[in-house]
Amino acid sequence: MKNVRWLTVLAVMALFVLAACGEKSQEDVLGDIEDALEETTSYKAKAKMVLETGQEPQSYDVEVWQKDEAYYRVVLTNEANDQSQIILKNDEGVFVLTPALNKTFRFQSDWPKTNSQAYLYESLLHDILIDAETAFSQDENHYIFQTMTNYQNKNLNSQEVRLNKKDLSPATVKILNADGDVLVDLVFSEFEKNATLEPEDFATERNVTGAQISEPALAEQEEDGELDVLYPMYVPDGTTAEATEMVENEGGTSYVQQYTGDKSFTLIQRQSEIVPASTPMNMNEGEPVDLGFAIGVRSENQIMWSNEGNDFSLVSEELTEEEMVEVARSVYGTTEK
């Protein structure tokens with residue numbers, strides 16, 4: 001009888017050991033994610049991001065600082081030209097800084113809460129928690145989630161998020177279109193939870209000055225150089241290109257492209273002018289918009305961006321927000337579509 005009792009005790013102990021070593025259920029992991037979301041008051045992260053949303057792949061180094069979901073600093077550095085843009089959120093508003101051109105846009109916005117953000121940790125966790133149909137799996141080192149998304153670009157249909165089992169830090173993010181093709185691929189290299197950060201670290205002047213030191217303004221541009229006029233490779237059905245007009249003004253030469261029809265719009269291109277960084281362009285409302293090759297600024301009927309030494313402005317009262325972004329993303333052709 002004693003032997004039977006001893007064997008029973010051993011069996012029960014073995015079950016407890018197996019349970020302790022077993023994989024967590026989806027419900028358990030979601031509970032841990034809710035806890036992580038509440039416990040994370042700040043973080044620093046670094047990642048490599050490859051975008052397949054334009055004419056050719058674009059690779060970026062990404063650095064993120066976040067504090068209390070009120071202060072944000074996102075630095076996106078294009079590997080091809082070693083130039084960066086900074087998205088900054090502080091008590092003064094939201095800013096998009098382009099250090100090489102000394103350009104600063106400032107506006108009031110709910111960013112980043114208005115859309116999914118692949119490089120923001122809390123955004124990834126929110127997407128996992130709010131999707132009632134999240135698909136869950138795991139491998140030796142990661143919890144893997146397939147979720148729906150809420151990106152500005154509606155082609156970014158779903159995402160695969162891998163979190164490290166050890167501490168639920170982000171490992172990789174893949175954003176896919178409806179056909180399952182990967183359009184955005186992020187690989188995180190560093191993540192420091194509850195990092196020491198102060199509101200002063202997100203101050204506009206400090207970040208502008210720091211960016212200028214690490215990335216001096218572009219050298220003087222050739223005044224007599226001929227501008228390569230770029231055209232959108234996506235034009236909505238029922239819309240056709242009219243003549244391109246060259247306009248001379250005090251700031252230089254602008255090229256104005258008119259598109260008319262069911263979805264009329266105007267595209268203006270001019271050589272970038274280096275302006276004093278202390279003179280931000282203020283907008284009452286707007287938000288940063290990811291164009292793949294650059295961070296633009298979107299207001300009600302307009303998207304503005306800078307790329308390879310040129311400033312662009314897309315204006316329309318007839319294009320939807322999604323169509324505006326799609327047209328802007330496609331401005332890379334040297335001949336009309």
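Note that the structure is predicted; figures quoted are calculated from it, not measured.
Remark: the Y43 side chain and the E122 side chain contain an N/O donor-acceptor pair separated by less than 3.5 Å. Counting only N and O atoms by type, the side chains of Y71 and D91 include a donor and acceptor under 3.5 Å apart. With no hydrogens or angles considered, a side-chain donor-acceptor pair links S306 and D311 at under 3.5 Å. Of the N and O atoms on the side chains of Q159 and T149, not one donor lies less than 3.5 Å from an acceptor on the other residue. Judged by distance alone, the side chains of D127 and S116 do bring a donor and an acceptor atom under 3.5 Å apart. Between the side chains of Q257 and Y259, a donor-acceptor pair is found at a separation under 3.5 Å.
Counting heavy atoms from C-beta outward, F105 and M304 have side chains that approach closer than 4.5 Å. No side-chain heavy atom of V247 sits under 4.5 Å from any side-chain heavy atom of T253. The side-chain heavy atoms of L30 and F136, taken from C-beta on, include no pair separated by under 4.5 Å. Annotation: side chain of D237 is not in contact with side chain of D262 (no heavy-atom distance under 4.5 Å). Within the 4.5 Å cutoff, no side-chain heavy atoms of Q117 are placed close to those of V74. In this structure the side chain of Q258 never reaches within 4.5 angstrom of the side chain of E245, judged on heavy atoms. Looking at heavy atoms from C-beta onward, K89 lies in side-chain contact with P112 at the 4.5 angstrom threshold. Counting heavy atoms from C-beta on, the side chains of F95 and V208 never come closer than 4.5 Å.
Other residues, nucleotides and ligands contribute only 12 or fewer heavy atoms inside 6.0 Å of the CD atom of E308. Within a 6.0 Å radius of NZ in K46, other residues, nucleotides and ligands contribute 12 heavy atoms or fewer. Summarising the local packing, CG of D68 is surrounded by more than 12 heavy atoms from other residues, nucleotides or ligands at distances under 6.0 Å. Atom CG of D139 has more than 12 neighbouring heavy atoms from other residues, nucleotides or ligands inside a 6.0 Å radius. Residue E133 places its CD atom among 12 or fewer non-hydrogen atoms of other residues, nucleotides or ligands, all under 6.0 Å distant. For E248, the CD atom counts as densely surrounded, since its 6.0 Å shell holds more than 12 non-hydrogen atoms of other residues, nucleotides or ligands.
When atom types are taken as modelled, the side chain of Y234 and the backbone of A328 share no donor-acceptor pair closer than 3.5 angstrom. The closest donor-acceptor contact from the side chain of Q85 to the backbone of I295 lies under 3.5 Å. No donor-acceptor pair closer than 3.5 Å links the side chain of T104 to the backbone N or O of L97. With D167 contributing its side chain and S169 its backbone, the two residues share a donor-acceptor pair below 3.5 Å. Side chain of T114 to main chain of D110: no donor-acceptor pair is present (N/O by atom type, distance under 3.5 Å, no hydrogens or angles). In this structure, D61 contributes its side chain and T77 its backbone to no donor-acceptor pair below 3.5 Å.
Cluster annotation: V315 is not connected to V297 through the hydrophobic network of ILVMFWY side chains, with a link wherever side-chain heavy atoms come within less than 4.5 Å. Transitive grouping of hydrophobic side chains (ILVMFWY, heavy atoms separated by less than 4.5 Å) brings V327 and Y332 into a common cluster. By the rule that hydrophobic residues join a cluster once side-chain heavy atoms approach within less than 4.5 Å of another member, I128 and Y151 end up as members of one cluster. Follow the hydrophobic side-chain contacts under 4.5 Å out from L186 and you never reach I144; the two are in separate clusters. In terms of hydrophobic clustering, with Ile, Leu, Val, Met, Phe, Trp and Tyr side chains grouped at heavy-atom distances under 4.5 Å, V187 and L156 are assigned to different clusters.
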Could you go through the salt bridge (Lys or Arg N to Asp or Glu O under 4.0 Å) check for D201 and R206 one step at a time? CA-CA 7 Å; D201 295 322; R206 173 183 290 193; 3.0 Å; yes
Test V289 against M324 for side chain to side chain contact (heavy atoms under 4.5 Å, CB included), laying out the working first. CA-CA 11 Å; V289 57; M324 290 274 284; over 6 Å; no
With side chain to side chain contact (heavy atoms under 4.5 Å, CB included) as the criterion, how do L51 and F293 come out once you've worked through the C-alpha distance, each side chain's angles and the decisive distance to 0.1 Å? CA-CA 8 Å; L51 304 179; F293 49 79; over 6 Å; no
Using the side chain to side chain contact (heavy atoms under 4.5 Å, CB included) rule, take F145 and V29 through it: C-alpha gap first, then chi angles, then the decisive distance, then the call. CA-CA 11 Å; F145 294 89; V29 177; 3.7 Å; yes
Are E198 and K67 close enough, and set up right, to give a salt bridge (Lys or Arg N to Asp or Glu O under 4.0 Å), and what steps lead you there? CA-CA 8 Å; E198 302 297 333; K67 177 178 173 59; 5.2 Å; no
Could you walk me through whether L267 and Y231 pass the side chain to side chain contact (heavy atoms under 4.5 Å, CB included) check? CA-CA 8 Å; L267 177 64; Y231 301 90; over 6 Å; no
Using side-chain hydrogen bond (donor to acceptor under 3.5 Å, both in side chains), reason through S313 and Q302 one step at a time and then give a plain yes or no. CA-CA 7 Å; S313 178; Q302 183 179 29; 2.6 Å; yes
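Taken from CD1 in I175 to CD in E160, the straight-line distance is 11.5 Å, to the nearest 0.5 Å. Separating the CG atom in N115 from the CG atom in L120 is a distance of 11.0 Å, to the nearest 0.5 Å. How far NZ of K44 is from CG of N194: 12.5 Å, rounded to the nearest 0.5 Å. For the atom pair N78 CG and S84 OG, the distance stands at 10.0 Å (nearest 0.5 Å). The structure places CG of L76 at 5.0 Å from CE of M49, a figure rounded to the nearest 0.5 Å. In this structure, L163 CG and Q138 CD are separated by 11.5 Å, a value rounded to the nearest 0.5 Å.
The side chain to side chain donor-acceptor pair (under 3.5 Å) search around D32 returns K24, not counting sequence neighbours. Taking E287 as the reference, R298 meet the salt bridge (charged side-chain N to carboxylate O under 4.0 Å, His left out) condition, with sequence neighbours excluded.
With L183 as reference, N177 is the one residue of N177, L176, N157 to meet the side-chain contact (heavy atoms from CB on, under 4.5 Å) rule. Considering Y119, W111, W65, F202 in turn, W111 is the only one that fulfils the ring-ring contact (aromatic ring centres under 6.0 Å, His included) rule with Y72.
Heavy atoms only, all atoms of each residue included: P57 and V50 are closest at CB-CG1, 4.3 Å. Taking all atoms of both residues into account, the shortest heavy-atom contact from R73 to N207 is NE-OD1, 2.6 Å. In plain terms, the two heavy atoms of E318 and S264 that are nearest each other are OE1-N, 2.9 Å. The two residues L291 and R329 have their closest heavy-atom pair at O-CG, 3.6 Å. The shortest heavy-atom contact between E323 and K263 is OE1-NZ, 3.3 Å. For the residue pair N307 and F312, the shortest heavy atom distance occurs at O-CE1, 4.1 Å.
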